[in-house]
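What follows is one structure encoded as structure tokens, with my remarks underneath.
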Amino acid sequence: MAGNLYIKADGSVKDDILAQQQAALAASAERHGVDKDLVDRLMKEVRENGYVIIKNLVPREQMEAIKQEVLPLLTHDGRTEFEGYKTRRIYAVIEKTLALNPLVDHPLIMALLDQLFQPNYLLSQLQAINVLPGEVAQPLHADDGFYPIPRPRPPIGAACIWAIDDFTAENGATVIIPKSHLWGDEHPGDGSGHELVPAVMPSGSCLFFLGTAWHGAGANKTDKPRFAATTQYCEPWARQQENYSLAISRERAKLCSEKIQKMLGYSMLFPFIGFVNGRDPIRLLQDK
Ligand SMILES: O=C(O)CCC(=O)C(=O)O
């Protein structure tokens, strides 16, 4: 491509563009209205362990309101061992309800993702997940393991599991293997012989982890369901898991915040990824 405004001949980003990106990163916490020291502390833990549990990020009452709206939409049991035969999920959530949107673009999560990924990172998938009584432990997995790029490597994705109900070690709290984000080709099997940390946390809290970290939903040994939501993100140059250009209509996207619109795909990684007719696709949602 001739006359590239952003990339030098050796493939590196031009200095003024780099300076702009670095300034934007430095101002990220302030832009999202969150405490920079908190972001730095959480990121230190994420880089060390592959995850962090952030307690009481959303009021319990707000989670209860989300539950009232979203739970009736989960009507089908899972179809595979991975989905869980005693687990209910919904996909294409934004087409059905906007109730999870405040979790999708939560300012603290946006500030963390700014530290990990290139500008205009994307929403990769959004689900509500209800783990029913008697469900067995989900197979352990790393969320960005389907990108065929050898490990160890930086994460291509990151995710939150939001506790809508309280998460306990008995009711299926997500389990995660500390430092597994640093692994190469190792596979933990069923987890035997590994440290499996249950993300025990009250309603309104969130487990934030890298796409390279091995984890899975725990077994639900109680007589009550464990309700959660997951918001998953990826680099803006990677393909999203959910095909939002087909799953979410433009009318629904127009009802979302500009940040969510961009994360659905109405954005570009400048200069050449994601354009429509040679221009930023956010224009498709703006009234002419
Ligand atoms: O529900 C959970 O605790 C984890 C779910 C999960 O990791 C997944 O389905 O990818």
Side-chain angles (χ1 to χ4, degrees), residues 46 49-55 57 63 66-67 70-71 73-74 76-93 100 103-104 109 122-147 155-178 180-181 183 187-191 194 196-222 224-234 238-242:
V46 169
N49 293 325
Y51 73 95
V52 66
I53 294 172
I54 313 170
K55 289 202 173 153
L57 206 45
M63 284 306 201
I66 289 176
K67 186 171 172 177
V70 179
L71 195 54
L73 303 175
L74 280 75
H76 291 84
D77 292 341
R79 300 154 294 181
T80 61
E81 188 190 10
F82 186 83
E83 284 188 325
Y85 296 112
K86 291 185 183 164
T87 296
R88 294 185 168 190
R89 298 168 184 257
I90 49 162
Y91 303 93
V93 174
L100 296 181
L103 309 183
V104 175
I109 303 305
L122 297 165
L123 185 66
S124 184
Q125 63 163 310
L126 171 62
Q127 285 182 43
I129 304 177
N130 202 20
V131 178
L132 302 175
E135 179 60 284
V136 297
Q138 186 187 32
L140 294 167
H141 58 280
D143 280 346
D144 70 10
F146 49 79
Y147 293 115
I156 298 167
C160 297
I161 308 272
W162 296 87
I164 298 180
D165 286 329
D166 293 332
F167 272 29
T168 68
E170 293 74 36
N171 77 354
T174 315
V175 294
I176 190 154
I177 305 181
S180 56
H181 65 303
W183 290 3
H187 192 294
D190 67 1
H194 291 280
L196 292 178
V197 176
V200 173
M201 52 188 178
S203 167
S205 308
C206 151
L207 168 67
F208 179 87
F209 58 100
L210 301 177
T212 39
W214 286 84
H215 69 283
N220 187 348
K221 298 176 186 147
T222 70
K224 294 196 179 65
R226 185 227 71 178
F227 194 43
T230 179
T231 55
Q232 306 194 2
Y233 310 86
C234 66
R239 186 164 189 199
Q240 294 148 289
Q241 292 175 80
E242 290 196 274

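Quick caveat, the model's predicted, so the values are computed rather than measured. Ligands are counted one by one from 1 in listed order, and the atoms in each one are counted from 1 as well.
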| task | Answer yes if the side chains of T87 and E135 hold a donor-acceptor pair under 3.5 Å, and no otherwise. | result | yes
| Does T230 come within less than 4.0 Å of ligand 1, judged by its heavy atoms? | no
| request: Please verify whether a non-hydrogen atom of R226 lies at under 4.0 Å from ligand 1. | output: yes
| said: Any heavy atom of R89 closer to ligand 1 than 4.0 angstrom? | reply: yes
| message | Would you say that more than 12 heavy atoms from the other residues, nucleotides or ligands in this model lie under 6.0 Å from the NE2 of H187, or not? | response | yes
| request: Would you mind running through ligand 1 and noting each atom that sits below 4.0 Å from a heavy atom of T174? | output: 2 (C), 3 (O)
| atom 5 (C) of ligand 1 [closest protein heavy-atom partner, distance rounded to 0.1 Å] | Q138 OE1, 3.5 Å
| remark: of all protein heavy atoms, closest to atom 7 (O) of ligand 1 is H215 NE2, 3.0 Å
| Any side-chain heavy atom of I53 sitting closer than 4.5 Å to one from F167? | no
| said: Out of all atoms in ligand 1, which are within 4.0 Å of some heavy atom of I129? Include the element for each. | reply: 1 (O), 5 (C)
| task | Give the residue and atom name of whichever protein heavy atom lies nearest to atom 10 (O) of ligand 1, and the separation in Å to one decimal. | result | H141 NE2, 3.0 Å
| Point-to-point distance, once rounded to the nearest 0.5 Å, from CG of D143 to SG of C234 | 11.5 Å
| From R239, Q241, Q232, residue fulfilling side chain to side chain donor-acceptor pair (under 3.5 Å) relative to S124 | Q241
| Pairwise side-chain contact, D77 with R88, heavy-atom cut-off 4.5 Å (strictly under) | yes
| said: Out of all atoms in ligand 1, which are within 4.0 Å of some heavy atom of D143? Include the element for each. | reply: 10 (O)
| field | Note, L71 side chain near I164 side chain (heavy atom, < 4.5 Å) | value | no
